[in-house]
Amino acid sequence: MKTIYKSVLAAASVALFASSVHAATSLEDLLQEVKKNRVSEARINKDREAEFQSARADKQALLRKAQASLKAEQTRGDNLAKKYSDNEVALAEKEQELNQATGTLGEMFGVVRQASSEAFGQISTSIVSAEFPGRGEFLKNMSEESKGLPNIQELEDLWFALQTEMTESGQVSRFQTEVISLDGGSTTQEVVRVGTFNLVGEQGYLVYDDENEIVQPLGRQPDGYLVDSAEELLSAKSGLVPFYADPSSGGILGLLKEKATMTERYHAGGVVGYVITAMLALGLLIGLYKIVTLTVISGKMRSQLNNTGNPSSGNPLGRILQVYKDNKTADAENLELKLDEAILKELPSIESGINIIKIFAAIAPLLGLLGTVLGMIATFQQITLFGTGGPRLMAGSISMALVTTAQGIIAALPLILMHSIVAGRSKSIVHILDEQTAGIIAAHAESEKA
């Protein structure tokens, strides 16, 4: 900044000198101008020096002021450090005095804090808190936030909380509370509390969320007979009621939520399981159809046996009798051939579909074995990719391997039974036809000899 100021003054002097030279008309005038300019420059320089001296004095004053402030702060810091050190010594002495004054009360303080902490962990998660909310707040304060010795009132509250928990653990109680449904709604309903084990409501078994202090139904209710016992307890007014209680206070019921249902197990079989199911359904439908049709045929044949002289074309026996009636004049050998031919014509309609049931019964276990192999292949692929650290990753493939095997066996058993029933009905019909045919041929041969 000073350099710029000097440059501006020099430029102004040169310009003034140049203007004076142009204005001077003689050497005398020029000399006077030079003298005048010299006096002017000296005055300017003197003013500048005075200004610089004044600024320097101001800077010196600021420096002295800053040094004085620094010295004052250093003195204040030393005083604070000394005061802090003295307070530390005083605090240590006071703590020693407190320890000497409390004596054995210090041990009681530790025991009370420990007991309060244990009681808070037990009471805050207990389902009794669903009926008596807010019991654990003062326990939390005593175990975590309290810095002094407990007074008589706090000790009595601790004793009362523990006694309440022990007393309520052996009682069955009914009370009204708000139940949060799984879809987000809420209803106020009557809830039955069985000791510290279970809560039962209109939806079945309930759980107590100690973090949010709410009561809500299980994510999925257990088996039907368990829910029936809960509903029976809810509707009972007096007397002894059998009830399935969870001694782990909801732990076992929580595990039951992870238990796979029959539908989930069925779908674990995948495509192979669906194919086995389709074969089972188709085989059973064919078997039922054959049972119905063979039963109808058998009934018509029994009616025909009672009226052999009037053969009907509506049943196999009637058609065979019609063949005999049309060929009474033939010899025994030709008649036998014609009757055998008639029986052969009837066999396809009688035995149709029976072999399909047998094939399905044989293929179903093989498909189950195929599902087992595919499931194990998928399991080993997952082991190759992710290792054996996550059993849940392999659970799906192992389920497929086991479920398809079970599905194949389950499908084969009724199919084999159905095949046996249908084949027995078919053989009984064919046996009647063979028996009647043999009798007709024997009677015809005897008539020829006569």
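Just the heavy atoms: all of them, side chains too, but no hydrogens, waters or symmetry mates, feed the values below. Being a predicted model, the structure only gives us computed values, none of them experimental.
Applying side chain to side chain contact (heavy atoms under 4.5 Å, CB included) to Leu339 and the options Leu321, Ile440, Asn327 leaves one that passes, Ile440.
Shown here is Tyr274, whose OH atom has more than 12 heavy atoms of other residues, nucleotides or ligands within 6.0 Å. The environment of CD in Gln176 is crowded: more than 12 heavy-atom neighbours from other residues, nucleotides or ligands sit within 6.0 Å. More than 12 heavy-atom neighbours from other residues, nucleotides or ligands sit within 6.0 angstrom of CZ on Phe243.
Using a 4.5 Å cut-off on side-chain heavy atoms (C-beta onward), Tyr289 and Leu294 make no contact. Side chains of Leu206 and Gln216 form no contact here, defined as non-hydrogen atoms less than 4.5 Å apart. Counting heavy atoms from C-beta outward, Ile214 and Glu178 have side chains that stay 4.5 Å or more apart. You'll find the side chain of Val179 reaches within 4.5 Å of the side chain of Val191, heavy atoms only. Counting heavy atoms from C-beta outward, Ile180 and Val215 have side chains that stay 4.5 Å or more apart.
Rounding to the nearest 0.5 angstrom, the gap separating the CZ atom in Phe360 from the CG atom in Asn355 is 11.5 Å. Distance check, rounded to the nearest 0.5 Å: CG of Leu317 to CG of Asn307 gives 10.5 Å.
The minimum heavy-atom distance between Ala332 and Ile441, with the atom names listed, is O-CG2, 4.5 Å. Between Ser181 and Pro217, the shortest heavy-atom distance links the atoms CA-CD, 4.2 Å. Closest approach of Ala230 to Val200, counting heavy atoms only: O-CG1, 3.3 Å. Pairing each heavy atom of Ile127 with each of Val194, the nearest pair is CD1-O, 4.5 Å. Closest approach of Gly273 and Gln407 over heavy atoms only: CA-OE1, 2.8 Å. Summarising the geometry of Pro414 relative to Leu280, their closest heavy-atom pair is CG-CD1, 3.7 Å, with the distance given to 0.1 Å.
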Evaluate Lys290 against Arg425 for side chain to side chain contact (heavy atoms under 4.5 Å, CB included), listing each step before the verdict.
CA-CA 9 Å; Lys290 292 301 296 181; Arg425 294 284 183 93; over 6 Å; no

Evaluate the side chain to side chain donor-acceptor pair (under 3.5 Å) criterion for residues Glu131 and Ser173: first the C-alpha distance (whole Å), next the side-chain angles of each, then the deciding distance (0.1 Å), finally the verdict.
CA-CA 9 Å; Glu131 184 176 358; Ser173 174; 2.8 Å; yes

For side chain to side chain donor-acceptor pair (under 3.5 Å), just list the numbers for Asp326 and Gln322, CA-CA rounded to whole Å, side-chain angles, deciding distance to a tenth of an Å, and then say yes or no.
CA-CA 6 Å; Asp326 295 338; Gln322 186 64 42; 3.1 Å; yes

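Residues passing the side chain to side chain donor-acceptor pair (under 3.5 Å) test with Thr372, sequence neighbours excluded: Thr405.
A salt bridge is defined here as a Lys NZ or Arg NE, NH1 or NH2 lying under 4.0 Å from an Asp or Glu carboxylate O, and Asp86 with Lys82 meets this definition.
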